[in-house]
Amino acid sequence: MSQTYKAVLFDLDGVLADSAREHYAAWKRLADELGLAFDEQKNERLKGVSRMASLDILLEDAPRPYSDAEKHALATRKNGYYQAIIQKVTPDALLPGARQALEACKALGLKTALASASRNAPLLIDRLGIGPLMDFIADAGAAKQSKPAPDIFLMAAKGVAVPPERCLALDDAAAGVLSAKAAGCYVVGVGDADILAAANAIIPDIAAFDPKSYLD
Ligand code: BG6
Ligand code: MG
């Protein structure tokens, strides 16, 4: 069978797991401690964005500048809050249909790879129990540039030895869709069509992902 696509590259937070909510909770706690305004609308800009870039967005309305040392400490504090949450994660935190989507890819002979901006992704994948369904996990810490740059999707495609243009990519964030687009993948936005306007196709959630429908 000739197949246009040979691999599926998955974002993690907000695509396979409900962890976008946990990132938000950790940032919100930090913002409250600093007395800074932070809500779900502003959080949309943090999705898919690296930890330090997220902090810069959080601090953009701060009444005073923060030094690099202070910023490092704040990012570490937020990560501590986030890690405390994900240490307790079980496979129940997988979004409905996530495991089935991975299994459907494997049944079709498609390679699967993770293209998450999160340095916590290996820990979370382990806690979710889906490591055996992933052929490769790209190392966010090794990406020169974070999403929306293409680096992490290029690394994921390379990790499964499939050219990016023969990869489907799934992401729930505007930055992630732009990243996968820049890498040359066929991009399936997972979520709101208005936010993910640059995607090639939109599905409301991972339960709606049918890999077969994208194959010849
Ligand atoms: C992305 C999330 O997957 O990872 C962002 O959408 C998060 O919200 C980013 O900031 C980096 O995560 P971490 O775990 O390295 O701080
Ligand atoms: Mg995401």
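Owing to the predicted nature of the structure, the values given are computational and were not obtained by experimental measurement. First listed ligand is number 1; within each ligand, the first listed atom is number 1.
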Non-hydrogen atoms of Ala31 and Leu58 that approach each other most closely: CB-CD1, 4.0 Å

Test item, Ala173 contacting ligand 1 (heavy atom, 4.0 angstrom): no

Salt-bridge criterion met for Arg21 and Asp18 (N-O under 4.0 Å): yes

Residues Glu70, Arg77: salt bridge by 4.0 Å N-O rule: no

Atom pair CZ/CD of Arg166 and Gln3 - distance to nearest 0.5 Å: 8.5 Å

Sub-4.0 Å heavy-atom approach of Leu12 to ligand 1: no

Worked check of ring pair (Phe, Tyr, Trp, His ring centres under 6.0 Å) between Tyr214 and Phe209: CA-CA 10 Å; Tyr214 299 92; Phe209 179 58; 5.7 Å; yes

Hydrophobic cluster identity match, Leu133 and Val8, side-chain contacts under 4.5 Å: yes

Contact check: Asp171 to the Mg ion (ligand 2), N/O/S below 2.8 Å: no

Protein contact of atom 9 (C) of ligand 1 - nearest heavy atom, named by residue and atom, plus distance: Val49 O, 3.2 Å

Asp171 with Lys47: basic N within carboxylate O range, under 4.0 Å: no

Nearest non-hydrogen protein atom, atom 2 (C) of ligand 1: Asp13 OD2, 3.5 Å

Salt-bridge present (Arg119, Asp139; N to O < 4.0 Å): no

Which residue and heavy atom of the protein sit nearest atom 16 (O) of ligand 1, plus the separation: Arg51 NE, 2.7 Å

Heavy-atom nearest neighbour in the protein, as seen from atom 6 (O) of ligand 1, with distance rounded to 0.1 Å: Gly48 N, 2.8 Å

Asp172: its N/O/S atom lying closest to the Mg ion (ligand 2) (atom name): OD1

Proximal atoms of ligand 1 relative to Ser54 (non-hydrogen, under 4.0 Å): 10 (O)

Numbered atoms and elements of ligand 1 in range of Lys47, under 4.0 angstrom, heavy atoms: 6 (O)

Atom 15 (O) of ligand 1: nearest protein contact (heavy atom, Å): Arg119 N, 2.7 Å

Residues Glu40 and Lys28 bridged, charged N to O under 4.0 Å: no

Subset of ligand 1 atoms that lie under 4.0 Å from at least one heavy atom of Leu46: 5 (C), 8 (O)

Donor-acceptor side-chain pairing of Glu165 and Tyr5 below 3.5 angstrom: no

Ring centers of Tyr24, Tyr82 separated by less than 6.0 Å: no

Distance-only N or O hit between ligand 1 and Ser118, under 3.5 Å: yes

Contact with ligand 1 for Ser116, non-hydrogen, under 4.0 angstrom: yes

Metal-centred angle, O of Asp13 through the Mg ion (ligand 2) to OD2 of Asp11, rounded to 10 degrees: 100°

Heavy-atom gap Ala20 to ligand 1 smaller than 4.0 Å: no

Atom indices of ligand 1, in the order listed, that fall short of 4.0 Å to a heavy atom of Asn120: 13 (P), 14 (O)

